[in-house]
Amino acid sequence: MEVVIVPDAAAGGELIASAIGRLLTEKPDALLGVATGSTPVPVYRALAAKVSSGEVDASRARVCQLDEYVGLPPGHPESYRSVVLRQVVEPLGVDPAAFMGPDGAAEDVRAACLAYDEALAAAGGVDLQLLGIGSDGHIGFNEPCSSLSSRTRIKTLTERTRQDNARFFDGDIEQVPHHVITQGIGTILDARHLVLLATGEGKAEAVAQTVEGPLAAVVPASALQLHPHATVVVDEAAAAGLKHADYFRHTYANKPSWQGI
Ligand code: PGA
């Protein structure tokens, strides 16, 4: 995998927004897999600025969710459908009809998971999947020990993840759902380009295990080692545990500029 060390979160956002802009120039109706949480916000901000300035046209882009809480009432402001509408679909001028996600309010959750995997395949697959990483190494909501070939399914959140996400629910862990629908690790690996962004010292250990540790279900993000086009963008704080940081800096600094990420 390629590791790009950037000075800060804003620089990471700009780099990834530029890559998405390039993709949309080549393929205006690209299917963009988006992530939620705090980390991707600088990407969406940078991309929205490029759309406002006319540098990027996202009007034909298609957008899909990575995961969703189970059991929140439809329209709940912290459902990931609401978050993606607010942070991505509306600011980028994406047609809401071109936005899809798993149905976290479905009565038959298993059928909803299957339907989502089928919908992603029917859409031709994800062109670029943006990922965050949990402090426990999760991607999507694939918690430690998730099958590395899992498909979209229901998962139970760890207490650590519920604690991490309580800040979106008035700091009250009781309001954080226990269950989620998440693209499986196998589903995520089907995307043509994976871009994982990690910022802050709280992610340093998970990043080091992902990039330099063994491939292991206990660190779900280590599955990126299996992907032919995986890019890990980290700020200095999140890169703090990387033993090969100098090598990563050297290779990126000497990369031909036409190559992009
Ligand atoms: P965060 O979440 O960006 O809010 O830290 C990342 C994740 O849980 O994948």
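Note that ligands are numbered from 1 as they come in the structure, with each ligand's atoms numbered from 1 the same way. Since we're looking at a predicted model, the values are computed, not measured.
Salt bridge Glu14/Lys50: present, at least one basic N to carboxylate O contact under 4.0 Å. A salt bridge links Glu2 with Lys255: the closest approach of a Lys/Arg side-chain nitrogen to an acidic carboxylate oxygen falls below 4.0 angstrom.
In summary, the atoms of ligand 1 found under 4.0 Å from a heavy atom of Gly134, numbered by their order in the structure, are 7 (C), 8 (O), 9 (O). Heavy-atom contacts of Gly132 reach the following atoms of ligand 1: 9 (O) (cutoff under 4.0 Å).
Counting protein heavy atoms only, atom 7 (C) of ligand 1 is closest to His138 NE2, 3.4 Å. Summary of contacts: the protein heavy atom closest to atom 6 (C) of ligand 1 is Ile133 O, 3.5 Å. Here the protein heavy atom with the shortest distance to atom 1 (P) of ligand 1 is Thr39 OG1, 3.5 Å. When hydrogens are left out, the protein atom nearest atom 5 (O) of ligand 1 is Lys203 NZ, 2.6 Å; that is the closest non-hydrogen contact.
Inspection of the Gln209 and Ser222 side chains reveals no N or O donor paired with an N or O acceptor under 3.5 Å. Side-chain contact check for Thr182 and Arg153: no donor-acceptor pair (N or O, by modelled atom type) lies under 3.5 Å. In this structure, a donor-acceptor pair under 3.5 Å is present between the side chains of Lys155 and Ser146.
At a 4.0 Å heavy-atom cut-off, ligand 1 does not touch Leu131 at all.
Aromatic pair Tyr69/Phe169: centroids less than 6.0 angstrom apart.
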